[in-house]
Amino acid sequence: MMHTVWKGNLSFGLVNIGVKLHSAIEEKDVKLISLHKDCLVPIQHEKIAPGCDDDRIEANDIIKAYEYRPNEYVLISNEELEALKKAYEVKSVTIISFVQLEEIDPVYFDRSYFLSPTGGSEKAYVLLRQALERRQALERRQGRKKRLYIPYSLHQVR
């Protein structure tokens with residue numbers, strides 16, 4: 001089962017299709033850990049605050065902040081961060097043009113993704129997939145400062 005990395009709507013004209021975006025590749029990096037060479041025990045990284053009286057910092061004692069000048073901070077709560085994420089979350093992808101894959105400079109390719117329909121969007125999705133069998137779709141993520149052009153491969157719906 002592929003991991004869903006984004007869920008939203010794909011739109012063009014008056015058509016709106018619920019879709020899920022799946023990464024086409026799976027990272028298979030080897031994860032190495034650090035061990036003490038004599039004891040062969042994993043190394044732990046403790047959180048400390050230099051100049052603070054606390055010996056050890058617990059997770060609930062840590063807050064987020066933006067340093068706007070040396071040693072001057074704007075504190076940001078977890079609730080504020082969540083509100084920002086929701087406010088700037090991309091919920092819709094608009095198709096702005098259909099082109100042949102060869103027309104896209106490979107410099108614009110970063111990652112590959114698959115699209116699949118959300119529940120209830122299967123019929124419209126199949127119609128779109130049939131149209132795209134001859135063409136590739138370019139998309140623009142709304143709410144971003146730059147346009148990302150990504151050719152999509154659509155999953156076969158049975």
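If you read the sequence from its start, that first residue is 1, and numbering goes on from there.
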Asks: Can you name the nearest heavy-atom pair linking Ser92 to Trp6, along with the distance?
Replies: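 So the minimum-distance heavy-atom pair works out to N-CZ2, 4.0 Å.
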Asks: Please round to the nearest 0.5 Å and tell me the distance separating atom CD1 of Ile43 and atom CD1 of Ile33.
Replies: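 Here the rounded value is 9.5 Å.
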Asks: Could you tell me whether Tyr68 atom OH has more than 12 heavy atoms of other residues or ligands within 6.0 Å of it?
Replies: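 Yes, the 6.0 Å shell around OH holds more than 12 heavy atoms from other groups.
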Asks: Measure the CD-OG distance between Glu82 and Ser77 for me, rounded to the nearest 0.5 Å.
Replies: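 Rounded to the nearest 0.5 Å, the CD-OG separation comes to 9.5 Å.
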Asks: Could you give the distance from CG (Asn16) to CG (Asn9), rounded to the nearest 0.5 Å?
Replies: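 One finds 4.0 Å between CG of Asn16 and CG of Asn9.
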Asks: Going by atom types only, do Ser23 and His3 share a side-chain donor-acceptor pair under 3.5 Å?
Replies: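 Short answer, no.
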Asks: Compare all side-chain heavy atoms of Leu10 with those of Leu115 and state whether any distance is below 4.5 angstrom.
Replies: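 The answer is yes, as the side chains (C-beta and beyond) meet within the 4.5 Å cut-off.
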Asks: Report yes if some heavy atom in the side chain of Tyr125 is under 4.5 Å from a heavy atom in the side chain of Thr118; otherwise report no.
Replies: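 Not in contact.
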Asks: Do any N or O atoms from the side chain of Glu72 and from the backbone of Pro70 form a donor-acceptor pair under 3.5 angstrom?
Replies: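 No: the side chain of Glu72 does not pair with the backbone of Pro70.
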Asks: For Asp38, I'd like to know if atom CG has over 12 heavy atoms of other residues, nucleotides or ligands within 6.0 Å.
Replies: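 Atom CG in Asp38 is packed in, count exceeds 12.
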Asks: What's the shortest heavy-atom distance between Leu40 and Lys37, and which atoms?
Replies: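 Reported closest heavy-atom pair: CD2-O, 4.0 Å.
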Asks: Are the side chains of Leu75 and Ile63 in contact, using a 4.5 Å heavy-atom criterion?
Replies: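 Yes. Closest side-chain heavy atoms under 4.5 Å.
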Asks: Do Val5 and His22 have side-chain heavy atoms sitting under 4.5 Å apart?
Replies: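 Result no, sub-4.5 Å side-chain heavy-atom pair not found.
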Asks: Please report the interatomic distance NZ(Lys64) to CG(Asn78), rounded to the nearest 0.5 Å.
Replies: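 It is 8.0 Å, given to the nearest 0.5 Å.
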Asks: Quick check: do Ile62 and Ile57 have side-chain heavy atoms less than 4.5 Å from each other?
Replies: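 They are in side-chain contact.
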Asks: With rounding to the nearest 0.5 Å, note down the distance linking CD in Glu122 to OG in Ser116.
Replies: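 Interatomic distance, Glu122 CD to Ser116 OG, rounded to 0.5 Å: 9.5 Å.
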Asks: Look at the side chain of Glu67 and the backbone N and O of Asn71, then say whether any donor-acceptor pair between them is shorter than 3.5 Å.
Replies: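 Yes: the side chain of Glu67 pairs with the backbone of Asn71.
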Asks: Roughly how far, to the nearest 0.5 Å, is the CG atom of Asp61 from the SG atom of Cys52?
Replies: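 Reported value, rounded in 0.5 Å steps: 8.5 Å.
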